[in-house]
Structures are given as structure tokens and as C-alpha cells.
Undergrad: 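Dropping a structure here in C-alpha cells format, bear with me for questions.
Throughout, numbering of the chain's residues begins at 1 and tracks the sequence. Hydrogens, waters and symmetry mates play no part in the numbers below; they use all other heavy atoms, side chains included.
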Amino acid sequence: METNNSIIHVILTGGVGSRLWPLSRKSQPKQYLEIFEGKSLFEMTVDRNSHLAKKVMVVGNIDNHQLSGKVMDKTKTSYVNIVESTPRNTAAAIAFAAFASNPDDILIVTPSDHIIDRMDDYNKAINEAIMKAQDGFIVTFGIIPTKPETGYGYIESKGDNVISFREKPNETTAKDFIARGNFLWNSGMFCFKAGVLLEELKQFQPDVYEKSKAVWESNQDGFLDLHLSLEIPSISIDYAVMERSKKIKVVPASFSWSDLGSFESVYDYLVTKGHSVDSKGNMVIGSDKHTTFLGLKNTIFVYTDTANLILQKENSQDVKDIYNELERQNSVLLN
């Protein structure tokens with residue numbers, strides 16, 4: 001595909017992975033944990049797109065940019081470093097990357113903490129998205145769902161047209177979505193020309209546009225000013241642009257995808273990679289010590305040096321509550 005515009009891979013690294021505490025900490029969020037075949041999710045994200053993009057941008061924050069830098073050094077990848085002084089949600093993070101690009105550059109925006117398999121399907125989806133982006137569309141990737149998952153948002157689609165975006169559903173609604181057959185998981189991955197995204201942001205959320213622009217223009221080697229950043233409204237790209245713009249297309253994709261947002265999804269992934277479970281489905285994460293589970297089933301034992309977590313796999317979404325409680329107590333266990 002010969003084009004005069006660059007294809008840029010933009011990696012968003014903001015999240016703390018609160019549902020994966022105590023593995024995931026503020027000092028070592030989940031995307032940097034090397035528990036996936038000796039690599040971190042971040043490193044896998046860099047590898048996965050290295051052949052697609054001529055250039056890489058990493059949008060990180062003041063707490064994690066050194067961790068990103070280590071991965072980029074390890075993979076010998078040169079990159080544009082954008083360091084937020086305070087988290088302002090995805091609309092601002094994506095705007096910074098777009099301001100750092102030429103208007104005709106095509107940006108492939110991905111989180112840094114997702115697991116993707118079936119690379120042929122992935123590459124096919126990316127190439128299809130790039131072609132739509134060339135035509136001036138903002139493309140979102142909708143994953144063909146494999147089960148009625150309540151942890152993801154959904155895209156209601158018809159062909160490559162988006163009918164609506166839906167919040168995370170309850171169990172009944174999720175089953176209804178699956179039964180209807182035209183609902184896709186919202187992957188949080190996007191592809192667009194930088195200029196097109198900025199035009200739409202300016203139209204629908206001018207405050208985010210203007211304030212992000214001011215912050216970007218005052219950057220020092222990619223480091224963004226705290227005082228100015230605090231004025232940017234904290235809004236997701238879905239709410240700011242995707243749910244409002246008339247230029248959105250969806251690529252329904254059949255690559256296998258998980259945001260590894262909970263221990264249940266980490267468990268499922270590790271099982272596919274041959275991580276050991278006992279005959280009752282119990283698993284140890286983070287320790288090689290011999291561990292016996294008696295009278296328990298589908299229990300996950302998460303071991304770290306300073307804190308352990310023992311949970312029923314089905315309670316994975318509730319780990320966030322423990323994290324929030326520790327945050328209220330200002331606990332050192334989050335560091």
C-alpha cells in the first residue's frame with residue numbers, strides 16, 4: 001500500500017488495571033507485568049503492530065513512562081513519547097497523538113494491555129480499517145462476540161455501519177445482544193486520519209479540542225504541563241466523538257481478543273497457554289510454590305510479595321471494590 005502519509009501506531013498506556021490487584025499496582029500496572037510467556041502485554045502490543053506502522057507513539061503518564069521506555073528499549077523501537085501529567089481520559093490522550101501527527105497520517109490507536117490471537121484475521125482487519133481511514137472515515141474495531149460478556153461495551157452494527165454504541169450490559173441484555181446477532185464487542189481500538197479525528201473533536205467537543213491543543217503546543221519534549229492539563233474535560237473518545245460523528249465505520253473482526261480486565265479473563269487465557277490448573281479448576285498465579293486446594297473449585301490464588309488474593313473465579317469483577325477500598329485508606333498496598 002504506497003501512500004505518502006505515514007501509518008502511526010499509537011499506544012495508550014494510561015490504565016492501572018484495578019481489577020488485577022494485587023498483581024497490578026500503581027508502580028507496575030498490568031500492561032507491564034511479564035506473566036505472559038515472559039513478555040508483558042505492552043511488549044506484545046509493540047511486536048504485534050511493528051510490521052504495520054512506520055512510526056510509534058506512546059501516550060503515557062508521569063508515573064509509567066519509564067516503564068514504557070524500558071519496553072521500547074528492549075524491543076529496540078524508536079518512538080514519539082507523549083507524557084501526560086495527569087490522566088484526562090481517552091479523548092484528550094488521542095487528541096495529543098493527533099496533534100503530534102500530520103493531518104493525513106493514519107493512526108492505529110490501541111490500548112497497551114489487550115491480548116490478541118489469530119494474527120491473520122487481525123492483519124486483515126487492520127488493512128481493511130486503513131482503507132476506510134484513507135477514505136475519511138473514523139474506524140472502530142468490533143469483535144464478533146464468543147459469549148454474552150457483561151464486562152464489555154457493545155456496538156450495534158449493520159455491515160460496516162454503526163447503529164448504536166451500548167454500555168456494558170447486564171446478563172439478560174448481553175444474552176439478548178448475542179441472540180440478535182448484529183452486536184459486536186467494542187474493542188477500544190480505532191483507525192483514522194489525524195486531521196479527520198481532530199475536525200470531528202472540534203465540532204462535537206470544542207472545549208476538549210481547544211484545551212488539548214493548548215497543552216500540546218506548550219509541550220516540552222513530549223512532557224505536558226500539569227496546570228494547563230487540569231483544564232481539559234475528562235471525557236472518553238467514545239462519548240466525545242464515536243457516539244456523535246456521522247463518519248464512523250466499524251470493521252467486524254474475528255481475531256480473538258480480550259482486554260484481560262479481570263482474573264477470570266486472565267485465567268481463561270492462561271489455561272489456553274497450558275498454565276496448570278488442578279482437577280477442580282483451581283489455579284495459582286504468581287508463585288511456583290506447591291499449593292494444594294482442598295474442597296474448593298474454580299478458585300484463583302494470586303500471590304505477591306506483599307499481598308495475596310484468594311477469589312472465586314466468578315467474583316473477578318469485584319476486585320475493583322477491594323482496590324477502591326484500599327485507595328480510600330491510602331494504602332501502601334496499591335504502590
Side-chain angles (χ1 to χ4, degrees), residues 11-46 58 60-74 83-87 111-115 151 258-278 280-335:
I11 308 176
L12 305 179
T13 71
V16 285
S18 57
R19 286 190 188 86
L20 294 190
W21 181 87
L23 278 187
S24 187
R25 308 284 181 106
K26 288 179 175 170
S27 60
Q28 193 80 352
K30 71 169 179 175
Q31 57 269 31
Y32 304 105
L33 300 169
E34 294 196 343
I35 56 171
F36 305 95
E37 295 154 22
K39 284 186 176 183
S40 64
L41 295 171
F42 186 108
E43 186 179 341
M44 291 160 85
T45 303
V46 175
V58 177
N61 60 42
I62 206 75
D63 298 327
N64 73 8
H65 75 99
Q66 305 90 333
L67 296 169
S68 297
K70 280 185 193 153
V71 177
M72 302 309 275
D73 289 347
K74 181 180 170 187
V83 183
E84 295 182 297
S85 49
T86 177
S112 59
D113 56 358
H114 291 181
I115 275 283
S258 166
D259 73 349
L260 291 188
S262 69
F263 279 114
E264 182 163 18
S265 50
V266 171
Y267 176 104
D268 291 344
Y269 173 74
L270 290 175
V271 166
T272 68
K273 295 296 173 191
H275 190 95
S276 64
V277 285
D278 71 11
K280 296 279 194 288
N282 301 303
M283 177 186 281
V284 180
I285 297 176
S287 171
D288 296 330
K289 287 193 181 128
H290 180 77
T291 305
T292 305
F293 296 84
L294 197 55
L296 299 169
K297 60 171 193 271
N298 295 337
T299 302
I300 306 174
F301 173 47
V302 185
Y303 174 89
T304 73
D305 287 343
T306 53
N308 297 329
L309 174 67
I310 299 163
L311 72 152
Q312 205 61 59
K313 190 171 68 166
E314 296 71 30
N315 291 60
S316 293
Q317 294 295 338
D318 305 335
V319 176
K320 196 181 178 128
D321 302 338
I322 301 170
Y323 188 96
N324 293 342
E325 181 54 37
L326 289 168
E327 199 149 46
R328 270 198 295 281
Q329 299 164 10
N330 215 354
S331 170
V332 295
L333 293 174
L334 297 186
N335 298 335

Undergrad: Salt bridge (charged side-chain N to carboxylate O under 4.0 Å, His left out): which pairs involve residues 315-333, sequence neighbours left out?
TA: Lys26-Glu327, Glu325-Arg328
Undergrad: Is it the case that over 12 heavy atoms from other parts of the model lie below 6.0 angstrom from the CG atom of Asp288?
TA: no
Undergrad: Looking at residues at least two apart in the chain, or sitting in another chain, which of them share a side chain to side chain donor-acceptor pair (under 3.5 Å) with Asp268?
TA: none
Undergrad: Looking at Arg19 and Gly261, what are the two nearest heavy atoms and their distance?
TA: CB-O, 3.0 Å
Undergrad: Could you check if a side-chain atom of Val319 sits within less than 4.5 angstrom of a side-chain atom of Leu20, using non-hydrogen atoms only?
TA: no
Undergrad: Taking the side chain as every heavy atom from C-beta outward, state whether Val58 and Phe42 have any atom pair closer than 4.5 Å.
TA: yes
Undergrad: Drop me the distance from Thr299's OG1 to Ile310's CD1, to the nearest 0.5 angstrom.
TA: 8.5 Å
Undergrad: Between the side chains of Tyr32 and Ser68, is a donor N or O closer than 3.5 angstrom to an acceptor N or O?
TA: yes
Undergrad: Go through it in stages, so that I can follow the logic: the residues are Thr306 and Arg25, the test is side-chain contact (heavy atoms from CB on, under 4.5 Å), and I'd like the CA-CA distance, side-chain angles, deciding distance and then a yes or no.
TA: CA-CA 11 Å; Thr306 53; Arg25 308 284 181 106; 3.0 Å; yes
Undergrad: Looking at Lys297, I want to see if its NZ is surrounded by more than 12 non-hydrogen atoms of other residues, nucleotides or ligands under 6.0 Å.
TA: no
Undergrad: What are the two closest non-hydrogen atoms of Pro22 and Asn308, and how far apart are they?
TA: CG-C, 4.3 Å
Undergrad: Is Asn335 atom CG crowded by more than 12 heavy atoms from other residues, nucleotides or ligands, each under 6.0 Å away?
TA: yes
